[in-house]
Amino acid sequence: MRRDDRVILIGEDIAGGTGGKGEEDAWGGVMGVTKGLYKEFGAGRVIDTPISEMSYIGTAVGAAATGLRPIAELMFCDFLGCCFDQILNQAAKFRYMFGGKVSMPLVIRMQCGAGFSAAAQHSQSLHALLTHIPGLKVVMPSSPYEAKGLLIEAIRDNDPVMFFENKLMYDDVGEVPDEDYTIPFGEAALRTDGEDVTICALGRMVNLAEQAVVQLRKRNIEATLIDLRSTSPLDVETICESVEETGRLVIVDEGSPRCGFAADVAALVASKAFGALQAPIEMVTPPHTPIPFAPVLEQEYLPNPERVIMAVDKVMAYGR
Amino acid sequence: MRRDDRVILIGEDIAGGTGGKGEEDAWGGVMGVTKGLYKEFGAGRVIDTPISEMSYIGTAVGAAATGLRPIAELMFCDFLGCCFDQILNQAAKFRYMFGGKVSMPLVIRMQCGAGFSAAAQHSQSLHALLTHIPGLKVVMPSSPYEAKGLLIEAIRDNDPVMFFENKLMYDDVGEVPDEDYTIPFGEAALRTDGEDVTICALGRMVNLAEQAVVQLRKRNIEATLIDLRSTSPLDVETICESVEETGRLVIVDEGSPRCGFAADVAALVASKAFGALQAPIEMVTPPHTPIPFAPVLEQEYLPNPERVIMAVDKVMAYGR
Amino acid sequence: MQLNREDLHDAYRRMVLVREFENQIHRLNEKGELPGFIHLSAGQEASCVGICMNLQEDDYITSTHRGHGHVLAKGCDLVEMMDEVFAKRTGICHGKGGSMHMADLEKGILGANGIVGAGVPLAAGAALTSKTLGKDSISVVFFGDGAYNEGATLETMNLAKVLNLPLLFALEDNGWGEATPSSYAIGGDILKRAEGFGIPAQAVDGHDYCAVYEAAGDMISQIRAGGGPRFLHLDVYRYFGHFEGDAATYRPKGEVEKHQKERDCIMILRAYIIESGLLAESDLHKIHKEVLSEVEAAVDHARKAPSPEASDILTNVYATY
Amino acid sequence: MQLNREDLHDAYRRMVLVREFENQIHRLNEKGELPGFIHLSAGQEASCVGICMNLQEDDYITSTHRGHGHVLAKGCDLVEMMDEVFAKRTGICHGKGGSMHMADLEKGILGANGIVGAGVPLAAGAALTSKTLGKDSISVVFFGDGAYNEGATLETMNLAKVLNLPLLFALEDNGWGEATPSSYAIGGDILKRAEGFGIPAQAVDGHDYCAVYEAAGDMISQIRAGGGPRFLHLDVYRYFGHFEGDAATYRPKGEVEKHQKERDCIMILRAYIIESGLLAESDLHKIHKEVLSEVEAAVDHARKAPSPEASDILTNVYATY
Ligand SMILES: Cc1ncc(C[n+]2csc(CCOP(=O)(O)OP(=O)(O)O)c2C)c(N)n1
Ligand SMILES: Cc1ncc(C[n+]2csc(CCOP(=O)(O)OP(=O)(O)O)c2C)c(N)n1
Ligand SMILES: [Mg+2]
Ligand SMILES: [Mg+2]
């Protein structure tokens, strides 16, 4: 924002308290992510809106088409239902429908993820819905370092970027350089390198898979763990190359399974790297149910390292 | 509607002309599908609404939860963006969130499909978005006979059913018995039976794939063509059984490819019937782009029998 | 208006019940006993109770994320609710819903709702059911000042007018949508906006139980008589933060305490009752004690109740699959 | 108000251009030459031209499915538009958009739009750009009576007020949303609804170019001066069906013809001009002839223009991928 005054923030309570008699920057977003920016940049660039998602997301889309670089915050991705048209039919399609005559440098930040017992309407991971829509880019960082690099990339990108932040990770601590750096979309990162099996994941699931990888290593199973970083664009090459080497694929994803992101990766590999596959593709996802409130059920719902290990064991056992 | 007065129709212009000085039943929906029902059942059961999708779809959801059996018409599925919350977070989740204490006998009818040069905002096939959402049932008939049986099933079902009608098929003619009959969801139909390759499709794509099957037969390639009828529930068994026989799978779908329905089927087979697969799975879908207006581009966009044949040739050639 | 002894007794009891339920939840949450996001409505009791005292069993309500008061006032079972916030299998949603999704369709409660504004069209749907089936039941939608700016709400005000639905819009204006003041977020005049949709609208002091009861009662009779939707603006105040954990620094210091001392809705009703002579201070005291032990008992029950079974995760997704 | 000769000349020319473009499209469509869904605005010209004559090049508009008039009036190129409806590569959207998606960002035209109400927040976004960058440009959102009931529209009226955006809401009320009369679909009073959001609102006879020009001019100056959003209700009439192919039986027989005879907006402007003496009948005749041959030439151009290449399908999905 210091670098470019066309960058603005817009959303509900991203300052928190605008126009009130108490502290004007009381919240900085529901998780305090944007706290302090109001004080530095003022109400003209850190804009608290009424609770009207269709309208303020649409405002961000219109602003992006006319020269600003808005970062809109949708709080929870579950609220996509309240502004979906502006994403599905406007932001995603403008450039194409208008024959390439417009850019859409828009970022929409939103929380995803279960684990807080926030129940069915505040815990979803809806990246598959957005990945299905041509014209959008979809990103989900797996660490503070990744978050910074991918967010700066998102802000400088000229396409609409849907930026998912797992709500369980706001307290994660990690090395983050002070200076600016960007991480390009569509280039996966190898967390670990092993020749027995390929594991693909995204966001918080990468860390959870890494725990599984550590366990597996004790049993001499060496896994390549790929952090995909963005689902659209997707680094198909890195996935397929790894499967060519390992012959086995496990995908871990927190979204619903049907027409989900795990299925997406599985299908790509089943069509593009079939020859290399030595075992069925295993997908570790939640069941196809809404997200339950009770912690015991929610733990049952979420993927966990044990399930990743079971899936790896299954693909390793196949055909042996 | 004659059978049960809890069945109501609600939507924009489903009568068309309500409250005006001209003909009161002028339209019967944008394609005339509900024409005549207003005259028989009156404005109390065939309810024209203002252009407010979130509100009238939500009204249908609330009515379904309290004892009516509403059939809402969304005109074009592209308008899902304007009422998505009521589907994603309300209709789909009520039963689960409330511990099973509510039924949701709701049908939402909507048009899908490209081929009319209706461009990016009036041509989409968004069944994958809805299939991703646990709690919804998703149906797409492939003929007038199927349409009647599946629609009656939908009306009598106690879950929210998303009913897709391809706009290119309204003029299709076919044998339809006068009497009531239902076709259960999740039971696929075999259009043709052959042992060389399995082709799965839905809606209009079934007919297009059938043209390919006829061509292929001339070259002594015998295909099993499966009309899946509903994506949720999905008849995984029939698909897998057929692949066990043929060893080869081609999926034809009109939705976008990424996290789409073709990928969904491919992933299921790659994980559940991998052992039977003798070739990579081929998916015949549009490219991952919005839908272009120009007929030359739209034809390029849509799957067609030639591409199905090419895909079959590819899987047949594999490994030979 | 003439409130009788029995009604006042009931109203006072319900208000105290909501208050003590909320206080209890607050304490339990501070102790870390409760999972999930919790939004408390303590301070706003005259609104939900004043309106629900006018309702029949077969009337419908929809509520919000801040729904404990609404659903308790409409008749949700205290023990089942407590079990639910404790995420127990015996909870009102079998542990699948939690604080934000309390519902009981049999009592006409279509649920608290985590999506701001979503309850509004749902209530219109319930009203449409009444109208279509020729019942005399009506619907009430409770929503906040923040929700007044949502498309779902605004669209439904128009739809309800066009279809002449038996629907009461009950706007509970507690001055804030999360940290954003309603004075900032609502453009124009609150009543004029509703009237602009052709809906008769009225404001009432939401701290004054009797005023709420009477105003809502009038409107509900008009609605029941087929008069179409009505709009009631209730000025209320919430004591706790937006959700449990919110320090609420957007409010000026001392505001809450001042409010509690001067305008507490239970205090006002208490004074009215005593002055009216219909109940004695000792009666009220007794009610209070009874409610406290009811709430205690519910907590005990909830603590001991069984958690859901792992296999419950797959049930109740569909009626049939 | 004093309209000068040049302005009147220009206005008349633009109105006739829209009319003849629409008539031509109607004929071409009847002949089966044009693909796609087409919505014509013939009859409504005084509104789009009367408003756009007040706009600067760097002002923004958003439009609707019925957008030919708006975008022509704001300066879209006739030849590029004709090429587009013919689905040609030289079209304004290179054949990818068609009738419902005409746009030219360089001229401040954020596009016609196939989603009812969607243009409203988009126009607010353009207005926010002007405000944030400190420009004196403003935005105009054209929308129909049907769109007035969409959540996107209603939410944005509030948002525009709260953020004090330089935005003119231009409600073109042609009496129908598809086959449904606005008298049925709009609850309450049109102006009062806007005023309820705190937006100054005014009605004007949308058949009278001079009245539109003046009313819009006043409001636009207020907006440009930082006064925040304004709302203009224009009473208009469309001659053709909702879309090409609609028999429009929901309208009483003879209504269109009566309207064309008595209240046609071009006829009214023509009479005004001649009476004012600023232009002679022969001048108007000449304008008409010129426009007709311009439109003819555009059709010729479009017929001969190349179709998109198959490979175009993959371009312009992303700026970078
Ligand atoms: C559609 C949607 N947007 C945003 C939120 C986040 N949120 C939860 S409560 C709330 C404030 C609601 O304010 P109001 O309607 O006044 O109710 P109150 O909390 O004051 O009772 C917000 C913004 C949400 N749950 N749903
Ligand atoms: C969100 C959405 N709902 C419904 C439609 C279908 N539709 C297209 S035009 C139209 C009527 C619009 O009426 P109005 O706003 O008065 O504009 P007019 O057609 O009269 O110019 C409708 C319902 C749509 N395109 N988008
Ligand atoms: Mg509030
Ligand atoms: Mg209209």
Side-chain angles (χ1 to χ4, degrees), chain A residues 5-8 10 18-19 43-45 47-68 70 72 82-83 85-86 88-106 134-137 157-160 184-186 232-233, chain D residues 60 62 84 89 91-98 100-106 108 110-111 113-115 117-135 137 139 150-163 165 308 312 315-321:
Chain A
D5 24 82
R6 291 168 306 162
V7 176
I8 60 159
I10 185 165
T18 301
R45 289 184 61 201
I47 304 169
D48 271 351
T49 69
I51 308 177
S52 322
E53 289 77 14
M54 190 70 97
S55 183
Y56 82 78
I57 294 290
T59 294
V61 174
T66 50
L68 296 186
C82 299
C83 55
D85 178 66
Q86 287 292 332
L88 169 72
N89 287 322
Q90 316 302 330
K93 297 184 177 30
F94 256 39
R95 186 174 181 80
Y96 194 79
M97 276 191 319
F98 299 163
K101 290 185 179 166
V102 62
S103 289
M104 187 60 66
L106 166 72
L136 301 179
K137 293 178 176 171
D157 195 280
N158 282 326
D159 291 313
F185 302 149
S232 191
Chain D
Y60 298 105
T62 65
E84 189 64 31
R89 197 176 198 208
I92 197 156
C93 305
H94 300 329
K96 283 178 173 165
M100 265 193 292
H101 306 298
M102 307 274 189
D104 191 339
L105 272 289
E106 282 182 16
L110 269 82
N113 208 310
I115 304 296
V120 189
L122 293 168
L128 182 64
T129 297
S130 300
K131 190 185 160 198
T132 305
L133 300 182
K135 294 194 196 166
S137 55
S139 295
E150 272 287 357
T153 306
L154 299 166
E155 283 189 355
T156 303
M157 302 214 326
N158 185 56
L159 186 77
K161 174 68 187 173
V162 169
L163 300 183
L165 297 179
D312 289 349
T315 59
N316 293 322
V317 183
Y318 295 94
T320 53
Y321 202 103

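For the atom pair Glu106(D) CD and Lys101(A) NZ, the distance stands at 8.0 Å (nearest 0.5 Å). Taken from OG1 in Thr132(D) to CD1 in Ile10(A), the straight-line distance is 8.5 Å, to the nearest 0.5 Å. The CE atom of Met54(A) sits 11.5 Å away from the CG atom of Leu154(D) when rounded to the nearest 0.5 Å. Note that the CZ atom of Arg95(A) and the OG1 atom of Thr315(D) stand 9.5 Å from one another [nearest 0.5 Å].
Looking at Asn158(A), the atoms closer than 4.5 Å to chain D (heavy atoms on both sides) sit in the backbone and in the side chain alike. Contact annotation for Asp104(D): neither backbone nor side-chain heavy atoms come within less than 4.5 Å of a heavy atom of chain A. Only the side chain of Ile47(A) comes within contact range of chain D, with at least one heavy atom under 4.5 Å from a heavy atom of that chain. When heavy atoms are compared at a cutoff of 4.5 Å, Leu165(D) does not approach chain A at all. Using a 4.5 Å cut-off between heavy atoms, Ile8(A) contacts chain D through its side chain alone, with no backbone atom that close. Only the side chain of Leu163(D) comes within contact range of chain A, with heavy atoms under 4.5 Å apart. If you measure heavy-atom distances from Leu133(D) to chain A, the contacts under 4.5 Å come from the side chain alone. Heavy atoms of Phe185(A) lying under 4.5 Å from chain D are absent altogether.
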Exercise for review: Decide side chain to side chain contact (heavy atoms under 4.5 Å, CB included) for Asp159(A) and Thr320(D); before the verdict, give the C-alpha distance in whole Å, the side-chain angles of both, and the deciding distance to 0.1 Å.
Suggested key: CA-CA 7 Å; Asp159(A) 291 313; Thr320(D) 53; 4.0 Å; yes
Review point. Hey, mind stepping through Leu122(D) and Phe94(A) against side chain to side chain contact (heavy atoms under 4.5 Å, CB included) and telling me if it holds?
Key: CA-CA 11 Å; Leu122(D) 293 168; Phe94(A) 256 39; 3.7 Å; yes
Point to revise | side chain to side chain contact (heavy atoms under 4.5 Å, CB included) between Val162(D) and Asp48(A), intermediate numbers included | key: CA-CA 10 Å; Val162(D) 169; Asp48(A) 271 351; over 6 Å; no
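The backbone N or O of Tyr318(D) lies less than 3.5 Å from no partner atom in the side chain of Tyr96(A), so there is not a single donor-acceptor pair.
Ranked by heavy-atom pairs under 4.5 Å with chain D, the first of Arg45(A), Lys93(A), Gln90(A) is Gln90(A). Put simply, of Val61(A), Thr49(A), Ile57(A), Asp85(A), the one with the most heavy-atom pairs under 4.5 Å next to chain D is Asp85(A). Between chain A and the residues Lys131(D), Glu84(D), His101(D), Glu155(D), the most heavy-atom pairs under 4.5 angstrom are made by Glu155(D). Here Gly125(D) is the residue among Gly91(D), Gly98(D), Gly125(D), Ala123(D) with the most heavy-atom pairs under 4.5 Å with chain A.
Between Gly99(A) and Asn316(D) the shortest heavy-atom distance is O-ND2, 3.3 Å. Taking each heavy atom of Pro50(A) and Leu159(D) in turn, the nearest pair found is CD-CD1, 3.2 Å. Between Pro121(D) and Ser55(A), the shortest heavy-atom distance links the atoms CB-O, 3.6 Å. Taking both residues in full, the closest heavy atoms of Thr59(A) and Ala124(D) are given as OG1-CB, 3.6 Å, listed atom of the first, atom of the second, then distance.
For Asp157(A), the side-chain hydrogen bond (donor to acceptor under 3.5 Å, both in side chains) test picks out Lys137(A), with sequence neighbours left out.
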